[in-house]
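Structure first, commentary second.
Counting starts at 1 for both ligands and their atoms, following the listed order.
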Amino acid sequence: MEKCHRLEDWLSWMDELSSNDYVIVDNFIDGHKLNVIQSFFKSHLDAFTKAGIGALNDNIIRRDIRGDFTYWLDRKRDVQLNEIWSLIDDTIYIYNRYCYLGLTGYEFHLAHYPKGGHYEKHLDQFKKRNNRTISVVIYLNKNWQQGDGGELEIFFKDGTSFLVEPIEARCVMFKSADVPHAVLESNKPRYSLTGWLLQQPAELGQLLG
Ligand code: OGA
Ligand code: NI
């Protein structure tokens, strides 16, 4: 159970997510965890690579669609982030315990949009792999101001949309298969920790018997 948040907070966030398909939680991570991620980010910036579109071998680089650079995290290697891994464990525990989502894993990366970067409207699922269930984005932008750009645009079924400012320590969670979204052009470097809570793909479940 994540010590930073009360169960009743989690329950109200999950309520919101199930009725609206997304939820925004401000101050999701405390100052200490922020510092840990931000210094990890700075010390790994050289290792970031251009993000592609599509799963694994299908990874095609399209700067016109997606302009960010990413660094995929690995729990065994990136032990400096242990507090973050615990927070992710707690999040998965809560979703499974109270929403019966049957989450069995996760994948997370750090993302850096240089000035001018954007990501066109998309869904966080791949044609060949549809086990991404909940998308989780935690923003790391100190002193984000109006005009800095890089807002997350969330599209609704009625054709309207809503802008989420990428404010430091804010977390946005949404249903990966149901919420089309985009990242507007960023006028400053934009930083986030982004990941997906996964259900085991059916075919893999069969293989593993
Ligand atoms: C993504 C994405 C949103 C954001 O990486 O798929 O849509 O606000 N990110 O960074
Ligand atoms: Ni996305």
Side-chain angles (χ1 to χ4, degrees), residues 13 17 20-29 34 37-38 40-41 44-45 47-56 58-73 84 88 91 105-157 161-199:
W13 302 334
L17 181 85
N20 300 340
D21 292 349
Y22 78 96
V23 59
I24 299 171
V25 180
D26 280 327
N27 301 309
F28 185 68
I29 51 172
L34 261 178
I37 310 180
Q38 283 160 340
F40 185 93
F41 215 114
H44 289 75
L45 266 179
F48 280 55
T49 54
K50 271 180 195 153
I53 48 173
L56 303 173
D58 253 1
N59 213 3
I60 304 157
I61 306 291
R62 287 282 303 270
R63 299 303 307 276
D64 53 331
I65 295 179
R66 168 165 197 190
D68 58 332
F69 290 73
T70 57
Y71 181 79
W72 284 96
L73 295 172
I84 312 304
I88 294 168
T91 306
Y106 53 81
E107 51 192 4
F108 272 80
H109 64 47
L110 300 175
H112 166 217
Y113 288 75
K115 182 173 161 23
H118 78 296
Y119 194 162
E120 285 185 7
K121 184 175 174 182
H122 65 280
L123 281 176
D124 283 352
Q125 286 205 336
F126 305 117
K127 288 191 190 75
K128 291 185 191 157
R129 177 155 84 75
N130 64 356
N131 63 329
R132 286 181 166 180
T133 304
I134 305 286
S135 302
V136 180
V137 191
I138 298 172
Y139 297 110
L140 306 169
N141 304 301
K142 282 190 196 305
N143 304 316
W144 186 91
Q145 307 280 325
Q146 284 277 335
D148 287 349
E151 291 91 344
L152 170 68
E153 183 169 15
I154 290 182
F155 297 90
F156 302 111
K157 293 189 178 71
S161 71
F162 174 75
L163 293 185
V164 182
E165 297 166 345
I167 291 171
E168 185 179 51
R170 168 174 281 176
C171 175
V172 185
M173 294 184 267
F174 55 88
K175 297 183 188 170
S176 308
D178 299 326
V179 179
H181 57 280
V183 177
L184 302 192
E185 181 171 334
S186 194
N187 302 319
K188 282 174 59 174
R190 176 193 194 266
Y191 306 104
S192 64
L193 168 66
T194 305
W196 295 273
L197 310 183
L198 309 176
Q199 285 171 342

Inset, instruction - List in chain and number order the residues that pass side-chain hydrogen bond (donor to acceptor under 3.5 Å, both in side chains) with Trp196, two or more places apart in sequence or in another chain; answer none if no residue qualifies. - result: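 Residues passing side-chain hydrogen bond (donor to acceptor under 3.5 Å, both in side chains) with Trp196: Asp124, Ser135.
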
* Does Glu107 have any side-chain hydrogen bond (donor to acceptor under 3.5 Å, both in side chains) partners at least two apart in sequence or in another chain, and if so, which? ->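 Arg129, Arg132.
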
Pick one: which of Val183, Leu184, Val164 meets side chain to side chain contact (heavy atoms under 4.5 Å, CB included) with Glu151?
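So the option named by the test is Leu184.
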
Would a 4.5 Å heavy-atom cut-off, applied to side chains only, mark [X] and [Y] as touching?
| X | Y | value |
| --- | --- | --- |
| Pro166 | Leu152 | no |
| Tyr139 | Phe28 | no |
| Leu110 | Ile37 | yes |
| Tyr191 | Trp144 | no |
| His122 | Arg66 | no |
| Glu165 | Leu163 | no |

(request) At a cut-off of 2.8 Å, list the protein N/O/S atoms near the Ni ion (ligand 2), residue plus atom name. (result)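 Protein N, O or S atoms closer than 2.8 Å to the Ni ion (ligand 2): His122 NE2, Asp124 OD1, His181 NE2.
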
Under 3.5 Å, N/O to N/O: give me all the pairs between ligand 1 and the protein, one per line with atom names and distance.
from	atom 1	to	atom 2	distance (Å)
ligand 1	6 (O)	His122	NE2	3.1
ligand 1	6 (O)	Asp124	OD1	3.0
ligand 1	7 (O)	His122	NE2	3.1
ligand 1	7 (O)	His181	NE2	2.8
ligand 1	8 (O)	Tyr139	OH	2.5
ligand 1	8 (O)	Arg190	NH2	2.7
ligand 1	10 (O)	Arg190	NH1	2.9

